[in-house]
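Scroll down for the structure; my scribbles are underneath it.
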Amino acid sequence: MQKVKKYDFKAVEKKWQDIWDKDKPFAAKNDLSKPKFYALVEFPYPSGQGLHVGHPRSYTALDIVSRKRRFQGYNVLYPMGWDAFGLPTENFAIKNKMKPSEVTKNNIARFKKQLKSLGLSFDWDREINTTDPEYYRWTQWIFLQLYKHGLAYKKMTDVNWCTSCKCVLANEEVVNGTCERCSSEVIHKKKSQWMLKITQYAQRLIDDLDLVDYPERVKAQQKNWIGRSEGAQIDFETNQQDKIKVFTTRPDTIFGVTYMVISPENPIIEKWRDKISNMEAVDEYIKISAKKSELERTDLAKEKTGVKIDGVYALNPFTKNKIPIFISDYVLMSYGTGAIMAVPAHDQRDWEFANKYNIEIREVISGGDVKKEAYTDCTGAVMINSEFLDGMSVEKAKEEVILRLEREKIGNRKVNYKLRDWIFSRQRYWGEPIPIIHCDKCGYVPLDESDLPLKLPDTDFYEPSADGESPLSSMDDWVNVKCPKCGKDAKRETDTMPQWAGSSWYFLRYLDNHNDKCLADKKLIDYWMPVDWYNGGMEHTTLHLLYSRFWYKFLYDIGVVPTKEPYSKRTSHGLILGENGEKMSKSRGNVVNPDDIVNEYGADTLRLYEMFIGDFEKAAPWSQEGIKGCKRFLERFWGLQGILSDGDGIRDNMSVIINKTIKKVSEDIENLKFNTAIAAMMTLINEIYESGSVTRRELSVFTIILSPFAPHIAEEVWQSCTLGDGTLSDEVWPEFDEEKCKDKVTQIAVQINGRIKYRLDVESDISEERLWEILDSDPEFLKIIDGKQVIKKIYVPKKLVNIVVRQ
RNA sequence: GCCGCUGUGGCGGAAUUGGCAGACGCAUACGACUCAAAAUCGUACGGGAAACCAUGUGGGUUCGACUCCCACCAGCGGCACCA
């Protein structure tokens, strides 16, 4: 037994972090002949709070995968950077009277120091920063390409306006009628905004989910958000010699239409102004709904309101019956056509509205009781009161109506999506300037690509203005320019891009982060893309993940990238909660600072604990006690140096457990089951101590498979015991032998009618015949079945026997 | 309302294809070491004296169900007047 010096984790971790900094063993090589592996984690927003214990859960997981891949001979790219534009930094800067650029610089320095203290194997030479002009030059370049391809356009539109941030929000940023960032009230405002046509990619964003390996819940959530529905668009003529277009998923119910509803924002009302005899009441209603907040308008519990429009009516396209028209805010201008055909007999909302306003309820599908409630679930039911549809099933009737509509040119088959175009401008300072010039004569003129980057002007006055204009608009020197086309006086666009712009393509810049000719060299893109494994949070499913898939598809269409999808595999980590099981937050006072843990227990213990804490994909509460178990395990691993024997090779009695552990750890890492991989290594160490010693070869295998989880201690043990000829990173991942994973003796459970009576040790490779022979001469077995009639005998190899008896 | 997920000891969590429920760790108790404590090591640890009972509840399929089916209950996440 040798005496072992104390495990001084601080010295060990400092030593190896310095070596890694100097020698850069984790640098990805642009050697295109080697098999590549691109591991990606969502780059952090460098906030003022510093790193959260949630960050290392994701980073450590892919660090483990990356380190394992390097042992397996892959050229691994595992990069890190900063998603640094955005409101929190700007707000912090305002509060503390600093410049956002300064705040960003400080925060990045702090984050970087914290990340380095965790021993993550990032290739720091490829670090990127979305606020660096050399980076956002290419964000602007992509915007210009979108503009040139008609996918970026400016439009007067109804926008979500955060009253506190004094800024426009995308639909994705509005949560329950409030601002995702600050939870303040969101109101509607008409504003001219830059928009990106993500809707043009709606179908491809759904279809191509088939090409990628994402968790089902992520795919489902994206599909849900895009919200595809199939139906028909139908024209209803009015007595004003015009038409109301409606979208419906139930064209089969067209004979049941007894009224129509148009949204208060629908511009057709203006056209009818002179013909509407109760225009005052209508105007009043429009005024009231415009004042309502998003929250009030979408409150499902409230009773539906509306006003009948007198003097204008529509005609059923088939029966030519007159149909009254209402205006009501339960119809949204932003979905479909802003008008609906109402079928109270077969739609619950219409049913409620019809009852309130005494409108006829005409049943066209038999099977329900439309006096009591709307009959909506009509699968297989039969049409009635519907002329040429009578007697058909609902499914058949849908098809038939669409064919008829198309033949008579009064409608057509139509697919609608809930997804809206992406509102892309923000009235704030700390973002990428939009590289467009407004010229009275030439309209919107894009900046020449050679003039990029369009730098964000340095200023001390960047607070949002009360009138809702971007702070940039007051900077005359910057705003006033000559039109690149005609040379006359013109103005720059003063809105900036949203926080999500820089992150929509960042994974491409890592491939070639200093390139000043293009966003990245084509050869490198072709080699490294797609990302092999991308881990991130569920909260980005309908934001960053969707946006970046959209941009990437566009870049595919213009020949910049070689594949349809950016990420071949996506996984999602669960949140780390506070000790009380609630989400960690300052206000709840349950925040754990990773620095404190690194200080008290070391980075290796923190890494190990974060991986051991529970199912990687599920939320797990932090436990200050639980972390001790991981520390103890590492201490025991360190202690193995004290029982290192002179023998070499793997001892016979250790062969099975070692092969099993290699297998378990290898497979579990691939399946995100880090917790059970660690449990297997704990079992191994228990068995080693039980055996009294460890051989050099056994320790070297153990050290290699532990090293992705706890790299510092592994390097140190490797070096101080000289476990191999070279350094740990020269080693290859150990193979396991499937044959050697099998125990020589197996315990067979003996069951009677499915209940265990006793257990029997036999050789693992025993034949079924031999087993029954043993049992038939086993007094214990005979005693149990004595006097009972054996009906059936079941044998499950290496597991159990079950005897079915009648009493 | 729609979509997705979860429910196992005091706690975090294990359990290949339907085949020995509770691996591994934490906490706890007792013991060893120590003048003592901490650390460390050892033993026990779902309930029950036992037969047995136990994986949210109630049914079902099966020789056998944490696992499959049906109906509930509870909780979490997303969407939501989407026509």
Side-chain angles (χ1 to χ4, degrees), chain A residues 175-176 215-229 231 246-250 253 260-261 263 297-302 304 328-332 334-343 347-350 352-353 376 416-420 538-539 541-542 574-575 579 581 608-609 612-615 617-630 632-633 635-636 639 664 667 673 675-686 689 746-760 791-805:
Chain A
V175 178
N176 291 332
E216 250 344 282
R217 57 186 171 148
V218 172
K219 290 189 183 185
Q221 215 168 295
Q222 287 207 346
K223 283 182 192 165
N224 220 319
W225 181 261
I226 297 168
R228 181 183 202 273
S229 21
V246 301
F247 171 72
T248 177
T249 56
R250 296 296 303 276
T253 61
M260 299 185 79
V261 187
S263 156
R297 265 192 81 157
T298 56
D299 181 5
L300 275 167
K302 82 160 198 239
K304 292 175 189 15
S328 171
D329 64 7
Y330 86 85
V331 172
L332 311 173
S334 50
Y335 181 78
T337 61
I340 61 158
M341 59 177 228
V343 186
D347 180 285
Q348 192 57 32
R349 286 159 313 175
D350 296 346
E352 282 161 25
F353 193 85
T376 54
N416 244 325
Y417 302 91
K418 286 191 224 171
L419 187 71
R420 322 267 164 89
M538 279 307 285
E539 71 275 17
T541 300
T542 55
L575 290 177
E579 289 212 73
L608 202 68
Y609 177 62
F612 188 61
I613 194 167
D615 184 335
E617 298 187 272
K618 288 193 202 130
W622 185 265
S623 161
Q624 209 59 40
E625 292 299 329
I627 199 166
K628 290 181 187 164
C630 291
R632 264 177 218 147
F633 169 70
E635 294 274 7
R636 276 158 70 78
K664 184 84 180 137
E667 292 174 356
K673 299 177 82 171
N675 52 340
T676 49
I678 294 167
M681 289 189 279
M682 288 173 166
T683 307
L684 174 62
I685 209 163
N686 291 344
Y689 272 106
T746 310
Q747 205 167 53
I748 297 281
V750 180
Q751 299 182 340
I752 305 294
N753 287 347
R755 279 156 191 264
I756 290 171
K757 292 298 169 185
Y758 72 108
R759 295 179 173 87
L760 186 70
I791 295 175
K792 202 170 170 184
K793 291 172 161 184
I794 288 140
Y795 169 62
V796 182
K798 294 181 188 178
K799 296 244 157 84
L800 52 79
V801 292
N802 187 18
I803 316 295
V804 186
V805 297

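Residue numbering restarts at 1 for every chain, and letters A, B, ... go by the order of the sequence lines. Here the structure is a predicted model, which means the values were calculated and not measured.
- Not one side-chain nitrogen or oxygen of Arg755(A) sits closer than 4.0 Å to the OP1 or OP2 atom of G19(B).
- Among the heavy atoms of the strands lying under 4.0 Å from Arg420(A) is at least one base atom, whether or not backbone atoms are also near.
- Here the separation of G19(B) from C69(B), taken at their P atoms, is 15 Å to the nearest Å.
- Regarding Asn224(A), its CG atom lies at a distance of 9 Å from the C1' atom of A80(B), rounded to whole Å.
- Of the side-chain N and O atoms in Lys757(A), one or more sit less than 4.0 angstrom from OP1 or OP2 of C52(B).
- A donor-acceptor contact shorter than 3.5 Å links the side chain of Tyr689(A) to the backbone of Arg636(A).
- Contact check, Arg217(A) against U6(B): no side-chain N or O comes under 4.0 Å of OP1 or OP2.
- Between the side chain of Asp347(A) and the main chain of Ala342(A), no donor-acceptor pair closer than 3.5 Å is present.
- A donor-acceptor contact shorter than 3.5 Å links the side chain of Asp350(A) to the backbone of Val343(A).
- No N or O donor and acceptor, one from the side chain of Lys799(A) and one from the base of C20(B), sit under 3.5 Å apart.
- As rounded to the nearest Å, C76(B) and U28(B) have C1' atoms that lie 31 Å from one another.
- Applying the Watson-Crick and G-U wobble criteria (two distances, each under 3.5 Å), C20(B) pairs with nothing in any strand.
- Note on Glu625(A) versus Lys628(A): salt bridge recorded, some NZ/NE/NH1/NH2 to OD/OE distance being below 4.0 Å.
- Across all strands shown, C35(B) forms no Watson-Crick or G-U wobble pair with both distances under 3.5 Å.
- Separation of the P atoms belonging to C5(B) and G47(B) is 34 Å when rounded to the nearest angstrom.
- Distances shown here put every side-chain N or O of Thr676(A) at or beyond 4.0 Å from the OP1 or OP2 atom of A15(B).
- At the phosphate of C24(B), neither OP1 nor OP2 sits under 4.0 Å from any side-chain N or O atom of Asn686(A).
- Under the 3.5 Å distance criterion, the side-chain polar atoms of Tyr609(A) are matched with a main-chain donor or acceptor of Ser623(A).
- Rounded to the nearest Å, the gap between the C1' atom of U61(B) and that of A49(B) is 37 Å.
- Counting to the nearest Å, the P atom of G25(B) and the NZ atom of Lys628(A) are 16 Å from each other.
- Using modelled atom types, no side-chain atom of Gln221(A) and backbone atom of Thr542(A) make a donor-acceptor pair closer than 3.5 Å.
- Checked by distance alone, Asn802(A) brings a side-chain donor or acceptor within 3.5 Å of a matching partner on the base of C63(B).
- Judged by Watson-Crick or G-U wobble contacts below 3.5 Å, the nucleotide C72(B) has G56(B) as its partner.
- One atom, CD1 of Ile613(A), and another, C1' of C24(B), lie 15 Å apart when rounded to the nearest Å.
- Here the separation of G64(B) from C72(B), taken at their P atoms, is 27 Å to the nearest Å.
- Applying the 4.0 Å criterion to OP1 and OP2 of A15(B), one finds that Lys673(A) has a side-chain N or O inside that range.
- The CG atom of Asn753(A) sits 16 Å away from the C1' atom of A65(B) (whole-angstrom rounding).
- For the C1' atoms, the distance from C3(B) to A44(B) is 48 Å, rounded to whole Å.
- Nucleotide A27(B) is matched to nothing when pairs are restricted to Watson-Crick or G-U wobble geometry with both distances under 3.5 angstrom.
- Remark: P of G78(B) and NZ of Lys219(A) are 22 Å apart, rounded to the nearest angstrom.
- In textbook terms, a nucleotide whose glycosidic angle is within 90° of 0 is syn, and G9(B) is one such case.
- C45(B) is unpaired under the Watson-Crick or G-U wobble criterion, no partner having all donor-acceptor distances under 3.5 Å.
- Distance Glu625(A) CD to C26(B) P: 10 Å, rounded to the nearest Å.
- The residue Ser328(A) sits apart from the nucleic acid: no heavy atom pair falls under 4.0 Å.
- G77(B): Watson-Crick or G-U partner is C3(B), with both key distances under 3.5 Å.
- Rounded to whole Å, the distance from CD on Glu617(A) to P on A14(B) is 11 Å.
- For Gln348(A) (side chain) and Thr376(A) (main-chain N/O), no donor-acceptor pair under 3.5 Å exists by modelled atom type.
- Between Met681(A) atom CE and G25(B) atom C1' there is a gap of 13 Å when expressed in whole angstrom units.
- The C1' atoms of C2(B) and C11(B) are separated by 36 Å, rounded to the nearest whole Å.
- Pairing partner, U67(B): none, since no Watson-Crick or wobble contact has both distances short of 3.5 Å.
- Here the separation of U8(B) from A15(B), taken at their P atoms, is 15 Å to the nearest Å.
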